[in-house]
Amino acid sequence: MSEKKVTLTKADRLAVARRHQFLQGSWNYERMQNGGWCFAMIPAIKKLYADSKEEQIAALKRHLEFYNTHPYLSAPVIGVTLAMEESRANGAEIDDQAIQGIKVGMMGPLAGVGDPVFWFTIRPILGALGASLALSGSILGPIIFFVVWNVIRWAFLWYTQEAGYKAGENIANDLGGGMMGKITEGASILGMFIIGALVQRWVSISFTPVVSRVTQSEGAYIDWDSLPEGTDGIKQALTMYDSIGSTALDKTKVTTLQQNLDSLIPGLVALLLTLGIAKLLKKKVSPIVIILCLFGIGILGRVIHLL
């Protein structure tokens, strides 16, 4: 070991952060993310143990132990690990068990935070916003989703890694309270609120059976045969349509089952369908099975003139 104090520069830590983006690139069923973790640590290991090939090999081996957490929330863990490896390289009494213990102690509580924050909140919000703009023909749709998402992702990876590096091993103590639980609960509530607001917009169900047919009185519909010719007739028809609505188009007013449901609670069926699918997913029913069933129900409903 070199007697000169060795320090990881910002360039070294950036190299680790860039590699850390590929944490799951060699995911395996035995030790899960250990390959990606070790790959990310290589620039730091080469810098900290530049004078000893044996210490580099030993460092690689201890970072090939089991590791698994959310790929983004792994950033503060690797920051703390960098600080511990730096202290060890400079003579501190830090053994392999201490480093592995910090990793295991942090990866557990952090793993539960990533999904509700990133997969169930930030990503759906950006995706819904981008899709809405794209449907209206705006190029900002894909830009907002891909660019903004990656800016958020990279900023979070870098700044939380730096926070972990500066806090060192003391950061583990901050995870012992209820902070993680509160963050998870708040993110879950926000995610459910956003998804609930999008149900009416994205889930469309229409029951086509006719409930009633009523012949409208004269003046309640557009009598196309008696309209003046030319622009005057068009103007009169548009005026009646604007004042009466879509029922002015035909002499017979047709009311469907869907119109009755919408008059009671708009979007009720879409909400019930969403809640039903959520319950099936909670019971571990395969999403592929659910999708195939929805296809089947849709086709059958069309054939029997229900949908």
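Just the heavy atoms: all of them, side chains too, but no hydrogens, waters or symmetry mates, feed the values below. All of these numbers come straight from a predicted model, not from anything done at the bench.
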key: Between Thr9 and Asp12, a side-chain donor and acceptor under 3.5 Å   = yes
inquiry  = Does this structure show an ion pair linking Arg88 with Asp96, if we count only N-O contacts that are shorter than 4.0 Å?
reply    = yes
Carboxylate-amine/guanidinium proximity below 4.0 Å for Arg62 and Glu85 = yes
Residue pair Ser74 / His20, side-chain donor-acceptor N/O under 3.5 Å = yes
message = Less than 3.5 Å apart, any donor N or O on the side chain of Thr160 or Tyr72 sitting next to an acceptor on the other?
response = no
query = According to the interplanar angle, ranging from 0 to 90°, do the rings of Phe156 and Phe118 count as parallel (below 30°), tilted (30 to 60°) or perpendicular (above 60°)?
reply = perpendicular
Test item: Trp27 and Asn68 side chains (from C-beta on) under 4.5 Å apart, heavy atoms = yes
inquiry  = Could you check whether Glu86 and Tyr165, counting side-chain N and O atoms only, form a donor-acceptor pair closer than 3.5 Å?
reply    = yes
query = Hey, any chance Leu64 and Val77 share a hydrophobic cluster, counting ILVMFWY side chains that come within less than 4.5 Å of each other, even indirectly?
reply = no
ask   = Taking the side chain as C-beta and beyond, is there a heavy-atom pair between Gln21 and Arg153 under 4.5 Å?
value = yes
Residues in ring pair (Phe, Tyr, Trp, His ring centres under 6.0 Å) contact with Phe39, at least two apart in sequence or another chain = none
query = Can you find a pair of side-chain heavy atoms, one from Val289 and one from Cys293, that are under 4.5 Å apart?
reply = yes
task = Compare all side-chain heavy atoms of Arg18 with those of Trp158 and state whether any distance is below 4.5 angstrom.
result = no
